[in-house]
Chemist: 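This is the structure I want to talk about, given as structure tokens.
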Amino acid sequence: MSFSSDTKTELCRSHVSNKCCAIAECYGILLYGNTFTNTGIKIITESYSFAKRLSKLFKVAFGFSIDKYAETTAGGKHIFTLTDKDKLNIIFDTYGYDKDKALAHHINFGVLEDPCCHESFMRGVFLAGGSVTDPEKRYHLELVTDHYSVSREGCTILLEMGFNPKVTDRNGNYIIYFKQSDVITDFLTTIGAPLAAMEIMNAKITKNVYNTVNRKINCDTANVEKTVEASHLQLEAIRRLNARGKLDELPEKLRETAQLRMDNPELSLSQLAELTSPPVTKSCLNHRLRKIMELSANLG
């Protein structure tokens, strides 16, 4: 099972109670489904949960069931077909379409007056034409239809719900999509999938923790490399002074610093500063080591 399939299964657990919301959810399914014309309706899904919910939705919304239901053995797809004219007339009347004319796909906003119906409509849209990517990979949710007007009018509904969707087209389809994790979680919560939304939030938290730890490790590694390189240069300068007999001529504090560095080549400046007697600041110790390196450089 994919994350998108799990999300749809969760959505199908939403209670079907109000007739207006059942009508709205069916509306989203029909407009984003496979076939919706004045001669017939066909809905195909691979989800068993969606198949069960669809039968219940039609009974609550219209008072009847689908004419024909079949499950293919090859791909495991559930196919719903409705061609009965009386039933089609009821559906067309419900959504304000002229049953005697070819259906021009668009959204009748008068059917979706209440906020609860907006949410139910979008749940139907996602069940029939939506998908969401596994948050472990990336953040992406899209709603796909081959009807331009339906897609544009769907954007209007989302704007009224407080979302700001992006739109594009691909291979003759029109796509509404979100790429921000927080927007996707809000959308899924709104249409009835809070557990899927929580998974996305948890995945984001995990990624943020991993990235923070990774940055810290990289930073620590870089600091260690800098410490090793600086220590190497300081030791070279001290050895040069010693080879020329100049080490014993240094002032006492510089001699102490040089000896500490030779005895502790792996320590950072902060750690080395704590070993001086009395302890000095990191800045003070750095100044002493710079002086030693300058004296060494002046030897030529």
Chemist: Do side-chain atoms of Ser231 reach the backbone of Pro265 as a donor and acceptor pair under 3.5 angstrom?
Modeler: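 Present.
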
Chemist: If you count heavy atoms of other groups shown closer than 6.0 angstrom to CD of Glu113, is the number above 12?
Modeler: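 No, CD of Glu113 has 12 or fewer neighbouring heavy atoms, counting only those of other groups under 6.0 Å.
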
Chemist: Does the pair Ile23 and Val60 meet the rule for a side chain to side chain contact (heavy atoms under 4.5 Å, CB included), with working shown?
Modeler: CA-CA 8 Å; Ile23 289 173; Val60 174; over 6 Å; no

Chemist: Roughly how far, to the nearest 0.5 Å, is the OG1 atom of Thr9 from the CZ atom of Arg53?
Modeler: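 So the gap between those two atoms works out to 11.5 Å.
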
Chemist: Return the orientation label for the Tyr27 and Tyr95 ring planes: parallel under 30°, perpendicular over 60°, tilted otherwise.
Modeler: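 Parallel.
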
Chemist: Are Leu250 and Leu235 linked, directly or through other ILVMFWY residues, by side chains that come within less than 4.5 angstrom of each other?
Modeler: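 Yes: a chain of side-chain contacts under 4.5 Å links Leu250 to Leu235.
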
Chemist: For Glu229, I'd like to know if atom CD has over 12 heavy atoms of other residues, nucleotides or ligands within 6.0 Å.
Modeler: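 No, the 6.0 Å shell around CD holds no more than 12 heavy atoms from other groups.
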
Chemist: Under 3.5 Å, is there a donor on one side chain and an acceptor on the other for Lys8 and Ser47?
Modeler: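 There is no such pair between these side chains.
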
Chemist: Working to the nearest 0.5 angstrom, can you tell me the gap between Ser131 OG and His140 NE2?
Modeler: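 The OG atom of Ser131 sits 6.0 Å away from the NE2 atom of His140.
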
Chemist: Heavy atoms only: give me the nearest Leu112-His118 pair and the separation to one decimal.
Modeler: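 The pair with the smallest heavy-atom distance is O-NE2, 2.8 Å.
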
Chemist: Any chance you could measure Leu143, atom CG, to Asn173, atom CG, to the nearest 0.5 Å?
Modeler: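 Separation between the atoms: 12.5 Å.
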
Chemist: Does the side chain of Val150 reach to within under 4.5 Å of the side chain of Tyr174, using non-hydrogen atoms?
Modeler: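 Heavy-atom side-chain distance check fails, nothing below 4.5 Å.
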
Chemist: Leu159 vs Asn164, test: side chain to side chain contact (heavy atoms under 4.5 Å, CB included). Steps then yes/no.
Modeler: CA-CA 6 Å; Leu159 288 170; Asn164 187 21; 4.0 Å; yes

Chemist: Give me the atom names and distance for the closest heavy-atom approach of Leu88 to Thr83.
Modeler: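 Shortest heavy-atom contact: CD1-O, 3.7 Å.
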
Chemist: Output the distance between atom SG (Cys155) and atom CD1 (Ile176), rounded to the nearest 0.5 Å.
Modeler: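 CD1 of Ile176 is found 4.0 Å from SG of Cys155.
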
Chemist: Applying a strict under-4.5 Å side-chain criterion to I, L, V, M, F, W and Y, I'd like to know whether Val183 and Met122 cluster together.
Modeler: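 Looking at the clustering, Met122 is in the same group as Val183.
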
Chemist: Find out whether Ile200 and Asp182 are in side-chain contact, i.e. whether some heavy atom of one side chain is under 4.5 Å from a heavy atom of the other.
Modeler: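 Not in contact.
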
Chemist: Do Met161 and Glu119 have side chains that get closer than 4.5 Å, going by heavy atoms?
Modeler: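 Yes, their side chains come closer than 4.5 Å.
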
Chemist: How long is the gap from CZ on Arg261 to CD on Glu266, to the nearest 0.5 Å?
Modeler: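 Arg261 CZ to Glu266 CD: 8.0 Å, rounded to 0.5 Å.
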
Chemist: Is the NZ atom of Lys179 crowded by more than 12 outside heavy atoms at less than 6.0 Å?
Modeler: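 Above 12, so yes.
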
Chemist: Could you walk me through whether Phe50 and His78 pass the side chain to side chain contact (heavy atoms under 4.5 Å, CB included) test, one step at a time?
Modeler: CA-CA 9 Å; Phe50 183 27; His78 306 268; over 6 Å; no

Chemist: I need the minimum non-hydrogen distance between Lys137 and Thr133, along with the two atoms involved.
Modeler: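 Here Lys137 and Thr133 meet closest at CB-CG2, 4.5 Å.
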
Chemist: Please check if Leu31 and Phe92 belong to a single hydrophobic cluster, counting links between Ile, Leu, Val, Met, Phe, Trp and Tyr side chain heavy atoms closer than 4.5 Å.
Modeler: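 Yes, Leu31 connects to Phe92 through the hydrophobic network.
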
Chemist: Please check if atom CE in Met262 has more than 12 non-hydrogen atoms from other residues, nucleotides or ligands closer than 6.0 Å.
Modeler: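 Buried by this count: over 12 neighbours within 6.0 Å.
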
Chemist: Under the ring-ring contact (aromatic ring centres under 6.0 Å, His included) rule, what do His105 and Tyr97 come out as? Steps first, then yes or no, please.
Modeler: CA-CA 9 Å; His105 290 84; Tyr97 295 140; 7.8 Å; no

Chemist: Table please: side-chain donor-acceptor pairs of residues 272-291 below 3.5 Å, with sequence neighbours left out.
Modeler:
unit_1	atom_1	unit_2	atom_2	d
Thr276	OG1	Ala273	O	2.8
Thr276	OG1	Pro278	O	2.9
Thr276	OG1	Val280	N	3.0
Thr281	OG1	Cys284	N	3.1

Chemist: Looking at Arg239 and Glu236, does any basic side-chain N land under 4.0 Å from a carboxylate oxygen?
Modeler: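 Judged by the 4.0 Å cut-off on N to carboxylate O distance, Arg239 and Glu236 do form a salt bridge.
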
Chemist: If I compare all heavy atoms of Ser151 with all of Tyr32, which pair ends up nearest, and what's the gap?
Modeler: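 Heavy-atom minimum between the residues: CA-OH, 3.9 Å.
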
Chemist: Please examine the side chains of Phe187 and Leu158, heavy atoms only from C-beta on, and report whether any two atoms are closer than 4.5 Å.
Modeler: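 Yes; the side chains approach each other to less than 4.5 Å.
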
Chemist: Restricting to non-hydrogen atoms, name the atom on Val167 and the atom on Arg152 that form the minimum distance, rounded to 0.1 Å.
Modeler: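 In this case the closest contact between Val167 and Arg152 is CG2-NH1, 3.5 Å.
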
Chemist: Can you confirm whether Phe64 is buried at CZ, in the sense that more than 12 heavy atoms of other residues, nucleotides or ligands lie under 6.0 Å from that atom?
Modeler: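 Yes, enclosed.
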
Chemist: Does any N or O in the side chain of Lys87 come within less than 3.5 Å of the main-chain N or O of Ser65, such that one atom is a donor and the other an acceptor?
Modeler: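 Indeed, once roles are kept as given, a pair shorter than 3.5 Å links the two residues.
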
Chemist: State the OG1-CD distance between Thr185 and Glu199, to the nearest 0.5 angstrom.
Modeler: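 Interatomic distance, Thr185 OG1 to Glu199 CD, rounded to 0.5 Å: 12.5 Å.
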
Chemist: Would you kindly confirm whether Leu127 and Val16 end up in one hydrophobic cluster when ILVMFWY residues are joined by side chain heavy atoms under 4.5 Å apart?
Modeler: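 Yes, one cluster joins them.
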
Chemist: When you measure from the side chain of Asn242 to the backbone N and O of Ile238, does any donor-acceptor pair fall under 3.5 Å?
Modeler: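 Looks like no, no N/O pair under 3.5 Å.
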
Chemist: Tell me, with the steps shown, if Val132 and Phe126 meet side chain to side chain contact (heavy atoms under 4.5 Å, CB included).
Modeler: CA-CA 9 Å; Val132 59; Phe126 185 83; 4.0 Å; yes

Chemist: Please find the pair of heavy atoms, one from Ala24 and one from Cys117, that lie closest to each other, and give the distance.
Modeler: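 So the two residues come closest at CB-O, 3.4 Å.
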
Chemist: Does Glu25 reach the main-chain N or O of Leu57 with its side chain, forming a donor-acceptor pair under 3.5 Å?
Modeler: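 Absent.
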
Chemist: Would you call Glu153 and Ile157 a side-chain contact if the rule is heavy atoms closer than 4.5 Å?
Modeler: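 With C-beta onward as the side chain, the pair stays apart.
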
Chemist: Can you tell which of Asp84, Thr35, Thr81, Leu82 makes a side-chain contact (heavy atoms from CB on, under 4.5 Å) with Ile41?
Modeler: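 Of the listed options, the one satisfying the test is Leu82.
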
Chemist: Step through the shown structure and confirm whether more than 12 heavy atoms of other residues, nucleotides or ligands are within 6.0 Å of CG on Asn218.
Modeler: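 Yes.
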
Chemist: Looking at Asp134 and Glu136, would you say the former's side chain and the latter's main chain have a donor-acceptor pair under 3.5 Å?
Modeler: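 Judged by distance alone, yes, a pair lies under 3.5 Å.
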
Chemist: Please confirm whether the backbone N or O of Ile292 pairs with a side-chain atom of Ser296, one donor and one acceptor, at under 3.5 Å?
Modeler: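 It does not hold such a pair.
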
Chemist: Decide yes or no for Thr45 and Leu54: does some side-chain heavy atom of the first lie under 4.5 Å from some side-chain heavy atom of the second?
Modeler: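 No, their side chains stay 4.5 Å or more apart.
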
Chemist: Would a hydrophobic clustering, with Ile, Leu, Val, Met, Phe, Trp and Tyr connected at side-chain separations under 4.5 Å, put Phe109 with Tyr148?
Modeler: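 Different clusters: Phe109 never reaches Tyr148 through Ile, Leu, Val, Met, Phe, Trp or Tyr contacts under 4.5 Å.
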
